[in-house]
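Inspection log for the structure reproduced underneath, given as structure tokens.
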Amino acid sequence: MKTLRKAVRWSCAALVPGELILVLCVAGGVRIAPAVRLATEPAMLTLAAAAAVLIAVDHRRHGRAGLGHRAAFVAAIADTVPAPVRKLTAHEVFLSTSFLRWVTRRGPHGVRDGDLPVPYAPGQTATMYGFLFVCVVETVGFAFLIPWPVVHAVTLVLDIWGCYFVIALHASCVVRPHVVGADGSLRLRYGALLDIRIPADRVASARREQKFPDGKLAVVDENGVADMAVAGRTTVLVELTGPVRFVRPLGKSAEARAFRFYAEDPAAVVAALKAGAPSAYLASTCPSASGPVVSASHAASQAESPGWNCDRR
């Protein structure tokens, strides 16, 4: 069984680049030999059958361990399919759904009544449209410069997909904002690449703090701080009462004790987090049983001060 599982995992890892090569060959007009087609179809069927057997066995095992039907199925998929393949597949699906949501103007994803959406996409709009302009210029330029039909077709497919990817990535950032929950929880996202949920009781403090980190997305430094910069900039620091585990874009797990992220309106985020819920929006300067009650506008103005960092009770 271990040998079968290892073979299926390696085959799944090779499936994504293999499909990409096949699409490029078809788009470029490359004739695929009949022997290759005859060998590919049985191999795909064998892989599908082996994966189905492993998923069924793992589903039964996780079910006996006490997991529900859905949880057991998710755990079985995780046991069989490598994490990078799962993440890449899910990312492509979420990119498409986010693009459709953006085009149809259906509003932000995952925002319920009482939640506070926290946009971050405006901070990268100029950069993303700059990338899109470069992609369009490259597509048009290569279309006129490359004389070989097969290379021309392959390059055209890649360039068009690149233009779509830039638009869809930005669209996913627009429709998947950060969210401060009605219960005071925090959900940090970057498009379809990253989704971190922080319970309300884990949020110790929040303050405005502008930084310009140069690391990769959600990489945890030696101090346990994960940076989620947009256009190389963060504006809010949230410190936690304990570490929070999350999954990075390619499936690697990480653990952080604080998060720096970019918010278009950092004062509103800090105020909502310190209030414990967006609807309260800072009813007092420092939450306490006997503290003086002040107006929301006065509290929000105090929240804009970087030095105001009262711990939540």
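- Closest of all the heavy-atom pairs between G123 and A231 is O-CB, 3.4 Å.
- Paired with P266 under the rule side-chain contact (heavy atoms from CB on, under 4.5 Å), one option of T234, L237, T235 passes, and it is T235.
- Residues F259 and L240 are in side-chain contact: their nearest non-hydrogen atoms beyond the backbone lie under 4.5 Å apart.
- For the pair R189 (side chain) and P177 (backbone), a donor-acceptor distance under 3.5 Å is present.
- Remark: the backbone N or O of Y190 is not paired with any side-chain donor or acceptor of R176 at under 3.5 angstrom.
- Put simply, OG1 on T241 and CZ on R257 are 9.0 Å apart, with the number rounded to the nearest 0.5 Å.
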Q | side chain to side chain contact (heavy atoms under 4.5 Å, CB included) between V118 and D265, worked out | A | CA-CA 7 Å; V118 182; D265 187 0; over 6 Å; no
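- Between S172 atom OG and F165 atom CZ the span is 8.0 Å, to the nearest 0.5 Å.
- Nearest approach of G184 to V203, heavy atoms of both residues: O-CG2, 4.4 Å.
- Looking at residues two or more places apart in sequence or on another chain, you find a side chain to side chain contact (heavy atoms under 4.5 Å, CB included) between F131 and T127, M128, V166.
- Closest approach of P108 and R101 over heavy atoms only: O-NH1, 3.8 Å.
- Nearest approach of A72 to G63, heavy atoms of both residues: CB-N, 4.0 Å.
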Q: Begin with the C-alpha distance, continue with both residues' side-chain angles, and end with the deciding distance and a verdict on side chain to side chain contact (heavy atoms under 4.5 Å, CB included) for L158 and F142.
A: CA-CA 11 Å; L158 288 176; F142 282 169; over 6 Å; no
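- Atoms NE2 and OH, from H170 and Y129 in turn, are 4.5 Å apart once rounded to the nearest 0.5 Å.
- Of all non-hydrogen atoms in P117 and P119, the two that sit nearest each other are O-CD, 3.5 Å.
- Annotation: the span from E239 atom CD to R207 atom CZ amounts to 4.5 Å, rounded to 0.5 Å.
- For the pair F246/L188, no side-chain contact is recorded, criterion being any heavy-atom separation below 4.5 Å from C-beta on.
- At least one side-chain heavy atom of C163 sits under 4.5 Å from a side-chain heavy atom of L132.
- By the 4.5 Å heavy-atom criterion applied to side chains, V180 and V269 are counted as neighbours.
- Residues V179 and V230 fall into different hydrophobic clusters, defined by Ile, Leu, Val, Met, Phe, Trp and Tyr side chains chained together at heavy-atom separations under 4.5 Å.
- You'll find the side chain of Y120 stays beyond 4.5 Å of the side chain of V236, heavy atoms only.
- Looking at R248 and V219, their side chains come closer than 4.5 Å, going by heavy atoms from C-beta outward.
- A distance of 4.0 Å separates CD1 in I196 from CG in L194, rounded to the nearest 0.5 Å.
- Surrounding CZ of F144 are at most 12 heavy atoms belonging to other residues, nucleotides or ligands under 6.0 Å away.
- V103 is connected to V174 through a chain of hydrophobic side-chain contacts under 4.5 Å among Ile, Leu, Val, Met, Phe, Trp and Tyr, so both are in one cluster.
- In this structure, W161 is a member of the same hydrophobic cluster as I167, with clusters built from ILVMFWY side-chain heavy atoms closer than 4.5 Å.
- Every pair passing salt bridge (charged side-chain N to carboxylate O under 4.0 Å, His left out) that includes a residue from residues 218-234 is listed here, sequence neighbours excluded: D227-R260.
- A centroid separation of less than 6.0 Å is found between the aromatic rings of F99 and Y164.
- Looking only at distances, no side-chain donor or acceptor of S98 sits under 3.5 Å from a matching main-chain atom of L95.
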Q | Test log, rule side chain to side chain contact (heavy atoms under 4.5 Å, CB included), inputs I55 and F73 | A | CA-CA 8 Å; I55 291 173; F73 180 74; 4.1 Å; yes
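- Put simply, L217 and V225 are part of two different groups of oily side chains (I, L, V, M, F, W, Y) that touch within less than 4.5 Å, one to the next.
- Residue R245 qualifies as enclosed at atom CZ: its count of foreign heavy atoms under 6.0 Å is above 12.
- Atom CG of N223 is surrounded by more than 12 heavy atoms from other residues, nucleotides or ligands within 6.0 Å.
- A heavy-atom distance below 4.5 Å is not found between the side chains of F94 and D195.
- Pairing each heavy atom of A206 with each of L273, the nearest pair is CB-CD1, 3.9 Å.
- In this structure, the separation between CG on D159 and CD on E138 is 4.5 Å, given to the nearest 0.5 Å.
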